[in-house]
There are 2 protein chains.
Amino acid sequence: MTLFLSTFTNKLDKKGRVSVPASFRLMLGGQTFQGIVGFRSYKLPTIEGMGIDRMQRLSESVDQFDVFSEAQDDLTAAIFADAQMMAFDGDGRVVVPPLLLEHAKIKEAVAFVGRGATFQIWNPALFEQHQQEARKRVQDTKATFKIWGNHA
Amino acid sequence: MTLFLSTFTNKLDKKGRVSVPASFRLMLGGQTFQGIVGFRSYKLPTIEGMGIDRMQRLSESVDQFDVFSEAQDDLTAAIFADAQMMAFDGDGRVVVPPLLLEHAKIKEAVAFVGRGATFQIWNPALFEQHQQEARKRVQDTKATFKIWGNHA
DNA sequence: TTTTCACCCATGTTATACCATAAATAGACT
DNA sequence: AGTCTATTTATGGTATAACATGGGTGAAAA
């Protein structure tokens with residue numbers, strides 16, 4: 001089971017390292033690549049993060065577009081070409097490349113934000129703001145949805 | 001089977017711990033994460049509570065929206081980013097993080113309110129009030145609904 | 001040679017696993 | 001029916017281990 005929950009804020013040290021929250025690491029335990037994969041969100045000033053397994057599924061999902069179509073080319077460029085692999089060190093930390101840090105405007109504090117099957121990496125202040133707006137939109141639109149699966 | 005029934009009121013100690021009602025714990029017995037998951041209701045001053053299994057199904061259900069869409073982003077921000085995992089200690093207690101306590105205006109008494117597949121965590125006084133209003137609305141609208149499944 | 005990066009060890013803080021007590025419930029035996 | 005006992009549940013406190021964070025060292029790359 002892979003389920004990223006909650007929001008954790010950690011510090012970026014001088015070497016550009018940051019601890020990945022222990023609970024996130026636990027979720028990625030069984031995967032082939034011991035680390036995380038991140039790429040620049042094309043809608044928000046944040047880094048989309050996930051395990052290598054979900055990147056694999058994302059790759060398969062892109063096949064719903066015609067091969068060599070413009071849509072397929074654009075999507076793969078934005079996602080796979082842009083993606084960075086960040087391996088854990090012995091203590092569960094990763095080095096975040098400058099390209100990603102700049103896009104998310106991250107200076108010293110780093111917020112790991114759980115989003116279910118994936119997570120995001122934010123500048124904490126920017127996320128705080130985004131979070132409030134999102135909650136407000138959900139409230140205003142009275143968003144609801146049906147839950148799937150067997151009624152366990 | 002997971003079915004949360006009735007209302008139980010317990011005390012919050014100085015460390016922010018509270019006993020989860022035994023009958024609720026029983027329902028969560030078989031789940032992979034031994035504890036509860038809670039997030040701020042975006043409609044009411046209460047904490048939405050459930051087991052990790054239901055969160056997992058919630059995550060799968062949210063995938064019915066396009067990935068990276070605004071609707072998906074808002075919902076996951078309000079639910080998964082906000083969620084807190086609260087593990088049982090050896091005696092079936094959990095610590096409730098300050099963020100959640102503030103939202104639900106909980107000081108010392110904590111009401112666990114069964115809602116079928118999920119439950120809520122209330123300030124007992126506020127719940128009493130909300131309960132009366134809810135019952136009144138049901139009376140006025142004479143709400144009815146159809147039951148699903150085999151007639152066990 | 002210089003720089004970068006992976007790996008290793010040290011430390012303070014905080015959370016959580018553990019232990020002890022008290023209250024309440026249920027059961028058994030008189 | 002009443003009382004005693006055993007078991008479950010709730011509550012309070014303490015010690016230990018996990019985690020985040022900082023620094024250092026050697027190997028590989030530029």
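Every chain is numbered from 1, with letters handed out A, B, ... down the list of sequences. Note: hydrogens, waters and symmetry copies are ignored here, and every other heavy atom, side chains too, is used. Given the structure is predicted, the values throughout are model-derived calculations rather than measurements.
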Could I get the full list of salt bridge (Lys or Arg N to Asp or Glu O under 4.0 Å) partners for [X], not counting sequence neighbours?
X: A:R135; answer: B:D82
X: B:K136; answer: B:D140
X: A:D53; answer: none
X: A:D74; answer: none

Which ring pair (Phe, Tyr, Trp, His ring centres under 6.0 Å) pairs, counting each pair once, include a residue from residues 6-27 of chain B, with sequence neighbours left out? B:F4-B:F24, B:F8-B:F24, B:F24-B:F119
Euclidean distance, B:L75 CG relative to B:S69 OG, rounded to 0.5 Å: 8.5 Å
Heavy-atom pair of closest approach, residues A:A104 and A:L126: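 Heavy atoms of A:A104 and A:L126 come nearest at O-CD1, 4.0 Å.
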Which residues in residues 19-29 of chain A have at least one heavy atom lying under 4.0 Å from any atom of DNA chain D?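 A:S19, A:V20, A:P21, A:A22, A:R25, in order of number.
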Can you measure A:M85 atom CE to C:dC5 atom P for me and round it to whole angstrom units?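 It works out to 16 Å between those atoms.
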Applying salt bridge (Lys or Arg N to Asp or Glu O under 4.0 Å), which residue pairs with at least one partner in residues 107-134 of chain A are found, sequence neighbours left out? A:R115-B:D73
Cut-off 3.5 Å, no hydrogens considered: what does the side-chain donor-acceptor table look like for residues 84-95 of chain B, sequence neighbours left out?
residue	atom	partner	partner atom	Å
B:D89	OD1	B:D91	N	2.8
B:D89	OD1	B:G92	N	3.1
B:D89	OD1	B:R93	N	2.9
B:D89	OD2	B:R93	NE	3.0
B:D89	OD2	B:R93	NH2	3.2
B:D91	OD2	B:R93	NH2	3.4

Taking any atom under 4.0 angstrom from a heavy atom of chain B, which nucleotides of DNA chain D are the first and last to qualify, 5' to 3'?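 Extent of the interface on DNA chain D: D:dT9 to D:dT14.
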Using modelled atom types and a 3.5 Å cut-off, is there a donor and acceptor pairing between side-chain atoms of A:H103 and backbone atoms of A:I47?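 It does not hold such a pair.
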Taking the six-membered ring for Trp, are B:F68 and A:F39 parallel (under 30°), tilted (30 to 60°) or perpendicular (over 60°)?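 Judged by the thresholds at 30° and 60°, the geometry between B:F68 and A:F39 is perpendicular.
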Net bend of the helix from C:dT1-D:dA30 to C:dT14-D:dA17, end axes of five pairs each, nearest 10 degrees: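 Nearest ten degrees gives 0° for this helix.
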Residues at least two apart in sequence or cross-chain that pass side-chain hydrogen bond (donor to acceptor under 3.5 Å, both in side chains) with A:T7, listed by chain then number, are none
Using nucleotides 15-25 of chain C, report all nitrogen or oxygen pairs with the protein that are shorter than 3.5 Å.
residue	atom	partner	partner atom	Å
C:dC19	N4	B:D91	OD2	2.9

